[in-house]
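If you read the sequence from its start, that first residue is 1, and numbering goes on from there. Because the structure is predicted, anything quoted here is derived from the model rather than measured.
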Amino acid sequence: MPLSTQSQADDEQYVLVASLDNARNLSNILKAITFKDHAIFSATPNGLKVTVEESKCLQANAFIQAEIFQEYTIQEDLVGFQVNLTVLLDCLNIFGGSTVPGVSTALRMCYKGYGYPLTLFLEEGGVVTVCKINTQEPEEPIDFEFCSTNVTNKVILQSESLKEAFSELDMTSEVLQITMSPNQPYFRLSTFGNSGNAHYDYPKDSDMMELFKCNTTQTNRYKMSLLKPSTKALALSCKVSVRTDSRGILSLQYMVRNDDGQICFVEYYCCPDQEGEEE
């Protein structure tokens, strides 16, 4: 394949090189966190972490492990840059994001370091396109200080059941209220929209519930406008972990299986709506 025959001398000038036989495996996971133009890329020897944020209330992270890539070479412990995510996705889909069986776009993503563009070599059917995307110095992502020791409640659901809940709840509601409790109603989603109040309950022994570990009763409200971007990740995922900590911060962790059957993770953090029903 032409992309893999580039000389080793070329590689030595890059601090990061990542190659994929199928660019869709990257573009799909990035679509799951695309709700702002800019994203922070943090590359370590373990893989890529891509972060998108909204007004210090919402953060989305996509994790693409090094093993997902056919080639993954990094010269430093941490390589970071900020890039326009919309432009990057346009480049990844430059051949139209073909879904024809047996036809895929190969990707080789290279970065020389601070001040240099992110260079993409994309190949499909023997045609190679080179895209160079300007990078900026990365901003420091918000640290939500969400750690497992402070998690009070956690459930793991089949994604299908959460999709069903969202289809039945009233999405005109300004907030989504989440109740998690060791007692009934166990796990309840509530909306307060134009057509009245609606609740969706999950029994803790439901077939759709893979794990139920609730230690205390918590009811928190989250702005629907902040949660809506996460439905992109939900649509791609097979399982979702819903966690809250003692402050009411919500973690939604989605398990996404790519075209090759490999697993990636997308995580959203959302702060509770302190104003309740008021704006």
Kindly give the heavy-atom pair with the smallest separation between [X] and [Y], and that separation in Å.
{"X": "G248", "Y": "N220", "result": "CA-ND2, 3.6 Å"}
{"X": "A62", "Y": "I29", "result": "CB-CG1, 4.1 Å"}
{"X": "N93", "Y": "S27", "result": "OD1-OG, 3.9 Å"}
{"X": "M180", "Y": "K154", "result": "CE-N, 4.0 Å"}
{"X": "V50", "Y": "I33", "result": "O-CD1, 3.6 Å"}
{"X": "A23", "Y": "L92", "result": "CB-O, 4.3 Å"}

(message) I want to check a possible cation-pi pair here: R243 against Y269, using under 6.0 Å from ring centre and within 45° of the ring axis as the test.
(response)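 No, R243 does not sit over the ring of Y269.
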From [X] [atom1] over to [Y] [atom2], what is the distance, rounded to the nearest 0.5 angstrom?
{"X": "D21", "Y": "F69", "atom1": "CG", "atom2": "CZ", "result": "12.0 Å"}
{"X": "I94", "Y": "L89", "atom1": "CD1", "atom2": "CG", "result": "12.5 Å"}
{"X": "C264", "Y": "L236", "atom1": "SG", "atom2": "CG", "result": "10.5 Å"}
{"X": "C110", "Y": "Y14", "atom1": "SG", "atom2": "OH", "result": "4.5 Å"}
{"X": "L88", "Y": "H38", "atom1": "CG", "atom2": "NE2", "result": "11.5 Å"}
{"X": "L48", "Y": "I74", "atom1": "CG", "atom2": "CD1", "result": "8.0 Å"}

[Y] side chain reached by [X] side chain, heavy atoms, under 4.5 Å:
{"X": "P45", "Y": "Y72", "answer": "no"}
{"X": "L26", "Y": "L30", "answer": "yes"}
{"X": "L176", "Y": "S190", "answer": "no"}
{"X": "C270", "Y": "L227", "answer": "yes"}
{"X": "Y111", "Y": "T119", "answer": "no"}
{"X": "K163", "Y": "L234", "answer": "yes"}
{"X": "Y202", "Y": "L157", "answer": "yes"}
{"X": "I249", "Y": "P272", "answer": "yes"}

Any side-chain donor near an acceptor of the partner, [X] and [Y], under 3.5 Å:
{"X": "S246", "Y": "T152", "result": "no"}
{"X": "S173", "Y": "T191", "result": "no"}
{"X": "N61", "Y": "Q59", "result": "yes"}
{"X": "S19", "Y": "Q70", "result": "no"}

Under a 4.5 Å side-chain heavy-atom rule over Ile, Leu, Val, Met, Phe, Trp and Tyr, are [X] and [Y] clustered together?
{"X": "L162", "Y": "M171", "result": "yes"}
{"X": "V17", "Y": "V130", "result": "yes"}
{"X": "L122", "Y": "I133", "result": "yes"}
{"X": "M224", "Y": "L189", "result": "yes"}
{"X": "L120", "Y": "V87", "result": "yes"}

(request) Can you spot which of R188, E168, E164 makes a side chain to side chain donor-acceptor pair (under 3.5 Å) with Y200? (result) E164
(message) So that I can tick it off, tell me whether E71 and R108 are bridged by a salt bridge, with the cut-off set at under 4.0 angstrom between side-chain N and carboxylate O.
(response)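 Here R108 pairs with E71 in a salt bridge, since their nearest N and O are under 4.0 Å apart.
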(request) State whether K36 and E53 are salt-bridged, where the test is any N-O pair (Lys NZ or Arg NE/NH1/NH2 against Asp/Glu carboxylate O) under 4.0 Å. (result)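 Result for this pair is no, no salt bridge flagged.
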Can a donor-acceptor pair be found, under 3.5 Å and without considering hydrogens, that links the side chain of [X] to the backbone of [Y]?
{"X": "Q253", "Y": "V266", "answer": "no"}
{"X": "D273", "Y": "V175", "answer": "no"}
{"X": "Q177", "Y": "R221", "answer": "no"}
{"X": "S104", "Y": "N22", "answer": "no"}
{"X": "T135", "Y": "V83", "answer": "no"}

(request) For Y116, check side-chain hydrogen bond (donor to acceptor under 3.5 Å, both in side chains) against everything at least two apart and list the hits. (result) none
(message) I'd like to check the side-chain hydrogen bond (donor to acceptor under 3.5 Å, both in side chains) partners of K112; sequence neighbours left out, ordered by chain and number.
(response) Q13
(request) Run the numbers on D37 and L85 for side chain to side chain contact (heavy atoms under 4.5 Å, CB included), then give the verdict. (result) CA-CA 5 Å; D37 277 345; L85 194 51; over 6 Å; no
(request) Go through the steps to decide whether L252 and V242 satisfy the test side chain to side chain contact (heavy atoms under 4.5 Å, CB included), and finish with yes or no. (result) CA-CA 5 Å; L252 296 168; V242 183; 3.9 Å; yes
(request) Show the numbers, then the answer: is there a side chain to side chain contact (heavy atoms under 4.5 Å, CB included) between C131 and T129? (result) CA-CA 7 Å; C131 303; T129 299; 4.2 Å; yes
(request) Apply side chain to side chain contact (heavy atoms under 4.5 Å, CB included) to F81 and I40, showing your working. (result) CA-CA 6 Å; F81 54 89; I40 302 160; over 6 Å; no
(request) Check the surroundings of atom NZ in K232: do more than 12 heavy atoms from other residues, nucleotides or ligands lie under 6.0 Å from it? (result)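 Count over threshold, so yes.
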(message) Please determine whether the number of non-hydrogen atoms from other residues, nucleotides or ligands lying under 6.0 Å from atom CZ of R257 exceeds 12.
(response)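 Open.
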(message) According to side-chain contact (heavy atoms from CB on, under 4.5 Å), who are the partners of Q158, at least two apart in sequence or on a separate chain?
(response)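 Only M208, E210 meet the side-chain contact (heavy atoms from CB on, under 4.5 Å) criterion with Q158.
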(request) Begin with the C-alpha distance, continue with both residues' side-chain angles, and end with the deciding distance and a verdict on salt bridge (Lys or Arg N to Asp or Glu O under 4.0 Å) for E174 and K223. (result) CA-CA 6 Å; E174 288 189 3; K223 279 191 162 57; over 6 Å; no
(request) Name the orientation class of the two ring planes belonging to Y268 and Y254 (parallel below 30°, tilted from 30 to 60°, perpendicular beyond 60°). (result) perpendicular
(message) Which residue in the set I178, D245, N153, T179 passes side chain to side chain contact (heavy atoms under 4.5 Å, CB included) when paired with Q218?
(response) N153
(request) Test F212 against Y186 for ring pair (Phe, Tyr, Trp, His ring centres under 6.0 Å), laying out the working first. (result) CA-CA 9 Å; F212 179 87; Y186 303 118; 5.8 Å; yes
